[in-house]
Amino acid sequence: RYTARQEKKERKREMRAYRKMYRRHRTELVKHAKETREWDYGWLYDSTIMQIRHMYEYYSEGNNIFQSEESLNTILEQLQHILDLNDEMNHLWDNYESNVIQNDNGSISVSEEGHKKYEAIKDREQELYEEIYSYIGKFIQYWWD
């Protein structure tokens with residue numbers, strides 16, 4: 001059982017940890033903002049995933065959190081789902097081989113199989129972008145403390 005003094009000490013420890021994490025997140029965000037690329041959709045996507053990662057870390061660390069355990073677990077599951085989809089996105093192209101064919105005249109082209117694999121991966125990539133952003137849109141209003 002905590003005494004008032006122990007609770008105050010614990011709260012100060014949590015706030016120190018929270019502030020340290022917050023400074024680290026802010027530094028990462030400032031660095032990212034300095035590398036802005038308005039012409040590149042990937043920069044927007046990277047910004048979004050960075051914020052999701054920061055939110056996940058904030059909620060999972062548990063410092064300065066006032067959520068009930070049940071709602072906290074729900075938020076963590078939702079954020080983790082997005083991070084899992086992002087992980088799949090990051091590894092979509094890992095095993096891709098274009099299966100290039102050298103033609104008789106010396107030119108190269110992609111085999112039919114290589115083209116089908118490419119199209120399948122591009123389609124899955126588009127599905128993942130749509131799923132990630134629609135999932136964020138569906139639950140974003142619940143991610144607050």
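No continuous path of hydrophobic side-chain contacts links Tyr22 to Met50 [ILVMFWY only; heavy atoms under 4.5 Å]. Residues Ile136 and Tyr41 share a hydrophobic cluster, clusters being chains of Ile/Leu/Val/Met/Phe/Trp/Tyr side chains in contact below 4.5 Å. By the rule that hydrophobic residues join a cluster once side-chain heavy atoms approach within less than 4.5 Å of another member, Leu92 and Ile49 end up as members of one cluster. Connection of Tyr133 to Trp143 is established within a shared hydrophobic cluster, with ILVMFWY side chains joined at heavy-atom distances below 4.5 Å, either directly or through further cluster members.
To the nearest 0.5 Å, the span separating CE on Met55 from CD1 on Ile140 amounts to 6.5 Å. In this structure, CG on Leu83 lies 12.0 Å from CD on Gln78, to the nearest 0.5 angstrom. Interatomic distance, Glu38 CD to Leu44 CG, rounded to the nearest 0.5 Å: 11.0 Å. Distance check: Gln80 CD to Tyr56 OH gives 4.5 Å after rounding to the nearest 0.5 Å. Between atom CD1 of residue Ile132 and atom OG1 of residue Thr48 there is a gap of 9.5 Å, rounded to the nearest 0.5 Å. Rounded to the nearest 0.5 Å, atoms CG (Leu128) and CD (Glu130) are 9.5 Å apart.
Within the 4.5 Å cutoff, side-chain heavy atoms of Arg53 are placed close to those of Glu28.
Relative ring orientation between Phe139 and Tyr142 is described as tilted, the plane-to-plane angle lying within the 30° to 60° band. Ring orientation note: the planes of Tyr45 and Tyr129 are nearly perpendicular, at an angle over 60° on the 30°/60° scale.
Salt bridge status for Lys117 with Glu113: present, with a side-chain N to carboxylate O gap under 4.0 Å. Classification of Glu125 and Lys122 as a salt-bridged pair holds, one side-chain N sitting under 4.0 Å from a carboxylate O.
Under the rule for a side chain to side chain contact (heavy atoms under 4.5 Å, CB included), the partners of Gln67 that lie at least two apart in sequence or sit in another chain are Tyr59, Ile65, Ser71, Leu72, Ile75, Asp145.
Between Asn90 and Asp94 the shortest heavy-atom distance is O-OD1, 3.8 Å.
Within a 6.0 Å radius of CD in Glu70, other residues, nucleotides and ligands contribute 12 heavy atoms or fewer. Annotation: Arg37, atom CZ; neighbour count of heavy atoms from other residues, nucleotides and ligands within 6.0 Å is above 12. By the 6.0 Å contact criterion, CD on Gln141 is open, its count of non-hydrogen atoms from other residues, nucleotides or ligands being 12 or less. Crowding of Asn95 atom CG: a count of heavy atoms from other residues, nucleotides or ligands under 6.0 Å not exceeding 12. Other residues, nucleotides and ligands contribute over 12 non-hydrogen atoms within 6.0 Å of the OH atom of Tyr135.
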Exercise. Glu14 and Arg11: salt bridge (Lys or Arg N to Asp or Glu O under 4.0 Å), yes or no, with the steps?
Worked result: CA-CA 5 Å; Glu14 282 186 12; Arg11 185 77 179 132; 3.6 Å; yes
For this session: Tell me, with the steps shown, if Glu61 and Lys20 meet salt bridge (Lys or Arg N to Asp or Glu O under 4.0 Å).
Result: CA-CA 12 Å; Glu61 289 291 320; Lys20 182 178 178 181; over 6 Å; no
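Just one of Lys12, Arg13, Lys8 meets the salt bridge (Lys or Arg N to Asp or Glu O under 4.0 Å) condition when paired with Glu10; it is Arg13.
Checked by atom type and distance alone, the side chain of Trp43 pairs as donor or acceptor with a backbone atom of His32 at under 3.5 Å. Between the Asn86 side chain and the Ile82 main chain, no donor and acceptor come within less than 3.5 Å of each other. Side-chain atoms of Tyr58 come within 3.5 Å of backbone N or O of Asn64 as a donor-acceptor pair.
The ring of Phe66 has its center no closer than 6.0 angstrom to the ring center of Trp144.
Defined by atom type and a distance below 3.5 Å, a donor-acceptor pair is missing between the side-chain atoms of Glu77 and Asn73.
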